[in-house]
Amino acid sequence: MSTAPTATGGDGPVPPPRTSVPGGAADSPTIDAAAPPFVDRPSTGAGGAVAWPAAVPVAEPAEPVVADVEPGRVRWDPAERRARASQSFWTAVVGVPAIFSVLRLGVEAGGELQTTLLLVANVGPVNLLAGFLTTAARLLSTGLVAVFALGAVLAVSADRLPPGTRRRPLFARWADITPAWVVLASFLLALITWPLLYLPLLLPAFVAAFQLRPGRLHERVVPRLLLVGVLLAGYGWLMLPTLRQAVQQGDEWLVLVLIVVPPLLALFIAGPLPGMVIRPLASVTEVAVLATLVWAAVPVISTPVLPLTVTTVGPESGPTEDVRGHVVTTDDVNMVILQERGGVRYVPVDLVRAQVLCPSEEELPRHQLRIHDFHIEDSLLEGMGRRVRPVHRIDAACRTPA
C-alpha cells in the first residue's frame with residue numbers, strides 16, 4: 001500500500017482541508033502505519049468515515065446566534081448604525097457649504113441665468129470659499145454647537161433607559177461618533193466668530209456638550225460652592241460695566257437677558273433627563289434646530305459675494321456719474337460692474353475716475369454698548385481687527401444711493 005504525497009510549505013507539512021471525501025474506501029487511498037502524521041488529505045476508515053489526523057485540532061461547529069426581534073422589525077447592528085450616522089454627519093458638513101455657495105451666486109445674480117454664468121466664470125472657488133467662510137462660519141459653528149450640546153444631553157439621557165427599548169436620537173448618535181477635538185474646534189470657531197452679545201450662550205452649550213456638572217468641580221459641597229462663586233464673580237466683573245450701560249439706556253432688555261440668564265442656566269443644563277421626555281424632546285429639538293438654521297441661512301445666502309463699491313465714471317472734462325455695485329472683473333477694455341439694483345454694466349476703463357469701498361447696510365451698528373473697548377456687535381476677530389485698523393470714515397459717495 002503506497003503513501004499519499006505530503007504537501008509541504010516553509011514551516012512544514014500543510015494540514016489537509018476539512019472536506020468530506022465522496023465515496024467509500026475505494027475512492028481514496030488509506031494510510032499505512034509507516035506514513036507520517038500529516039498528510040495532504042484525510043483517509044477513510046470503515047464504512048467511508050473520514051479519519052482525521054490526531055495532531056490537527058478540530059474546530060467546533062459555530063452555534064447560530066438567535067436574537068429576539070419583534071416581528072416585522074429589522075434589527076440593525078450597532079457598527080452599521082454608527083457608520084450610517086457618521087456618513088450622514090459628514091455629508092451635512094461637506095454638502096451644506098457647497099449648496100450655500102451655489103445658492104449665493106444665484107441670489108447675487110438676481111435669479112438671471114446669464115448673470116449667474118458670468119459670476120461663475122469670474123468668481124474663483126478659492127474666493128467663493130473664502131467669502132463663504134467669512135460670512136457663514138458663524139452659521140456653521142452655531143449648527144455644530146447646537147447639535148453637540150443637545151446630542152450630549154440626549155445621549156446621557158438615553159443611556160439611562162433599558163437597552164433596546166428605544167432607538168437613540170439622531171443628535172445623540174452624531175455626538176457619539178464625533179471626536180472630542182471636533183467638538184472643541186466648533187466651540188473655538190464660535191468663540192471667534194460670534195458677536196460678543198451672544199457669547200454668553202456658549203457657557204451652557206459647553207457645559208451640556210462635555211457634561212460638566214457642578215459635582216465634578218469638587219467632591220465636597222463647600223469647596224464646590226466656592227469654586228462656582230469664583231467663576232460667577234469673574235463673569236460678573238467682565239459683564240458688569242455692560243450691564244450698567246444697558247440699564248441706563250433702558251431699552252436693552254435683550255442684552256440683559258443674554259448676559260444674565262446663560263450662566264445661571266449652565267448650572268442645571270447637564271443631563272440626564274427623565275425618560276418620558278427624551279423622545280418628544282429629541283423630535284422637537286431636531287425640527288427646531290433645522291428651522292433655526294434655515295431662518296439664519298436666509299441672510300447668509302443673500303450676502304453679496306463681491307465687495308460693494310461706488311465707481312465714479314465720466315470723461316476728464318465733463319459730468320461724472322457714480323455707479324454703485326460690485327465689480328465682477330476688469331480687463332484692458334472694460335470694467336464689469338454688477339449694479340446694486342440689478343443689471344450688468346460694462347464701463348470703459350478710460351472713463352473710470354475714482355472708486356471707493358462702501359459698507360453694507362447690515363454692517364452698520366444697532367447697539368451702543370461695549371464690553372471692555374470691544375463693541376458688543378463685533379466678534380473677537382472683528383474687534384481685534386479694528387484695533388489694528390480702526391474704522392475709517394464712510395465716504396460721502398457711499399451715503400448717496402444710486
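Owing to the predicted nature of the structure, the values given are computational and were not obtained by experimental measurement.
Side-chain contact between Leu232 and Trp237: absent, with no pair of heavy atoms (C-beta onward) separated by less than 4.5 Å. Residues Val333 and Val349 have side chains not in contact (no heavy-atom distance under 4.5 Å, counting atoms from C-beta outward). Between Val352 and Thr311 the shortest side-chain heavy-atom distance falls below 4.5 Å. Leu197 places a side-chain heavy atom less than 4.5 Å from the side chain of Val255. Side-chain contact between Leu119 and Glu108 is present, with at least one heavy-atom pair separated by less than 4.5 Å. For the pair Met335 and Pro348, the minimum side-chain heavy-atom distance is 4.5 Å or more. In this structure, Glu321 and Thr312 have side chains that are not in contact, with every pair of non-hydrogen atoms separated by 4.5 Å or more. Residues Pro200 and Met239 meet the side-chain proximity criterion, which asks for heavy atoms closer than 4.5 Å.
The CG atom of Leu203 sits 10.0 Å away from atom CG of Leu265, with the distance rounded to the nearest 0.5 Å. Of the inter-residue distances, the one linking Tyr198 atom OH with Ser379 atom OG reads 13.0 Å to the nearest 0.5 angstrom. Taken to the nearest 0.5 Å, the OG1 atom of Thr193 stands 8.5 Å off from the CG atom of Leu199. Atom-to-atom distance recorded for Gln355:CD and Ile337:CD1 is 6.5 Å, nearest 0.5 angstrom. Note that the CZ atom of Arg353 and the CG atom of Leu351 stand 6.5 Å from one another [nearest 0.5 Å]. In this structure, CZ on Phe374 lies 7.0 Å from CE on Met384, to the nearest 0.5 angstrom.
The only member of Leu150, Val153, Asp176 that meets side-chain contact (heavy atoms from CB on, under 4.5 Å) when paired with Phe171 is Leu150.
Between Phe187 and Phe210, the ring planes are tilted. Angles from 30° to 60° get that label.
Side-chain atoms of Arg370 come within 3.5 Å of backbone N or O of Asp373 as a donor-acceptor pair. Not a single donor-acceptor pair under 3.5 Å links the side chain of Thr115 to the backbone N or O of Glu112. No side-chain donor-acceptor contact under 3.5 Å links His375 to the backbone of Gly383. Judged by distance alone, the side chain of His326 and the main-chain N or O of Pro307 form a donor-acceptor pair under 3.5 Å.
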How far apart are the C-alpha atoms of Leu281 and Leu154, what are their side-chain angles, what is the distance that settles it, and do they pass the side-chain contact (heavy atoms from CB on, under 4.5 Å) test?
-> CA-CA 9 Å; Leu281 181 63; Leu154 294 174; 4.2 Å; yes
Can you list the steps and then say if Leu202 with Val145 is a side-chain contact (heavy atoms from CB on, under 4.5 Å)?
-> CA-CA 8 Å; Leu202 287 180; Val145 166; 4.2 Å; yes
Check against side-chain contact (heavy atoms from CB on, under 4.5 Å), Arg345 and Val323 = CA-CA 9 Å; Arg345 183 168 178 177; Val323 181; 3.6 Å; yes
May I have the step-by-step check of side-chain contact (heavy atoms from CB on, under 4.5 Å) for Val228 and Leu267, ending in yes or no?
-> CA-CA 9 Å; Val228 172; Leu267 299 176; 3.9 Å; yes
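Contact detail for Gln245 and Gln368: the closest heavy-atom pair is OE1-O, 4.1 Å. Nearest heavy atom pair, residue Thr116 against residue Ala109, reads OG1-CB, 3.2 Å. Residues Ala152 and Ala208 come closest through the heavy atom pair CB-O, 3.2 Å. The two atoms that bring Ile269 and Pro204 nearest to each other are CG2-O, 3.6 Å, heavy atoms only. For Val336 against Tyr346, the heavy-atom pair with the smallest separation is CG2-CE2, 3.4 Å.
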